[in-house]
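Contents: one structure, followed by commentary.
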Amino acid sequence: MTNLVLSKVVKHYGAVEVVHGIDMEIASGEFCVFVGPSGCGKSTLLRMISGLESITDGDVCIDGEVVNHVPAAQRGLAMVFQSYALYPHMSVRKNLSFGLENLNTPKAEIDKRVTEAARMLQIEDYLDRRPGQLSGGQRQRVAIGRAVVREPKVFLFDEPLSNLDAELRVNMRREIANLHRRLGNTMIYVTHDQVEAMTMADKIAVLRAGKVEQFGTPLDLFNAPKNRFVAGFIGSPAMNFVDGVIADNGVRLSDDTLIALDGPRAGVATGDAVELGVRPRDLVIDQNGVLKMTVAEVEQLGSESYMFGSLGNGQSVTVHQAGQTDTRIGDTIRLSVAPSATYLFRKDNGLACY
């Protein structure tokens, strides 16, 4: 089992700093996901851990050893890439064994590891085929198998499912999660898809512009986001945000609607500008509700429904309802929200107020 510690890790490209002093500890056996929008630095951070990118400042420690200047091949890590990076002229068997052969691993040990990995990933029937004869999902299994046979200290995944179709992505993320449970290795996984992050991770690091906005368990991030960015990024569909001002007993919107809170919130006072956050599932259609929404679009998915529209103050909102709905485009509906289901964020800095 292997733990990994990042201490004030910085990355410059010339005069441009793209990773800004990241501190993080990933415990032995954890499945940690780096998530964030494109360009936030998550893949760069992963490549610094792997040794494929140099570190400008700070330290990467694996089991207490600083590995900043240790070559990638000697760090005991294995990386699975978005593009699979298989050798097209080699069979699946040869793709799996090639790295071990270069390390002068005994043939009997190579055969044992290849057989075990192929069985685990259900690719036994494809061992004599070449990558071009495989589907995308099969090629991704081979890429994962190539990492498994190395028996690394840490597995690194760089957006491994982004080239797959939606259904296959769901199946593959289950397989990777099951692989983690079977092997117990430390795994670090990069994605821009917060649904992947929520369903697979023990811990999530939400990154923005080269900084970690919040690091914690999926439910910690969902239930208690530290700021507006995390609140808007974690959760699908995204949280609704409405501008308002703190009043004596709630938040007053620009159209004078008053939304009740479940008590005073730290960090704000009467008259302060805020953003009220409400998840789409917590906006309830209620003929006595204080919010009035004009419906612009309806999505019926059979088991659930989504309604998109705008409030009286012109701000857009999304409503998520279990089951089917009679609501139609152009309807005006009233909505209520329980005070305990509201989130509050300062308008000036985006910090959450609890």
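Side-chain contact check for Leu96 versus Ile123: some heavy-atom pair is nearer than 4.5 Å. For the pair Asp158 and Val80, the minimum side-chain heavy-atom distance is 4.5 Å or more. Counting only heavy atoms from C-beta outward, the side chains of Leu134 and Val92 approach each other to under 4.5 Å. Side-chain contact between Arg279 and Phe222: present, with at least one pair of heavy atoms (C-beta onward) separated by less than 4.5 Å. The shortest side-chain heavy-atom distance between Asp128 and Lys94 does not fall under the 4.5 Å cut-off.
Under the 3.5 Å distance criterion, with hydrogens and angles disregarded, no donor-acceptor pair is assigned to the side chains of Ser97 and Lys107. Between the side chains of Tyr189 and Glu196, at least one donor N or O lies within less than 3.5 Å of an accepting N or O. Of the N and O atoms on the side chains of Gln300 and Ser305, at least one donor lies less than 3.5 Å from an acceptor on the other residue. Side-chain atoms of Asp59 and Asn68 form a donor-acceptor pair, as typed in the model, at a separation below 3.5 Å.
Of the possible polar contacts, one joining the Asn313 side chain to the Gln315 backbone as a donor-acceptor pair under 3.5 Å is found. Side chain of Asn178 to main chain of Arg174: a donor-acceptor pair is present (N/O by atom type, distance under 3.5 Å, no hydrogens or angles).
Heavy atoms only, all atoms of each residue included: Lys42 and Thr191 are closest at CE-O, 3.2 Å.
In this structure, Arg139 fails the cation-pi test against Tyr84, since its NZ or CZ atom is not both closer than 6.0 Å to the six-membered ring centre and inside 45 degrees of the ring normal.
Test Leu77, Ile49, Asn185 against Val154 for side chain to side chain contact (heavy atoms under 4.5 Å, CB included) and you get one pass: Leu77.
In this structure, Asp255 does not pair ionically with Arg252, as no charged nitrogen and carboxylate oxygen lie closer than 4.0 Å.
Open room surrounds CD on Gln122; 12 or fewer heavy atoms of other groups in view lie less than 6.0 Å from it.
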For this session: Please assess Val142 against Leu121 for the test side chain to side chain contact (heavy atoms under 4.5 Å, CB included), listing each intermediate value before the final yes or no.
Result: CA-CA 8 Å; Val142 176; Leu121 294 164; over 6 Å; no

For this session: Mind running salt bridge (Lys or Arg N to Asp or Glu O under 4.0 Å) on Lys203 and Glu30 for me, showing each step along the way?
Result: CA-CA 7 Å; Lys203 294 279 185 66; Glu30 278 189 336; 3.2 Å; yes

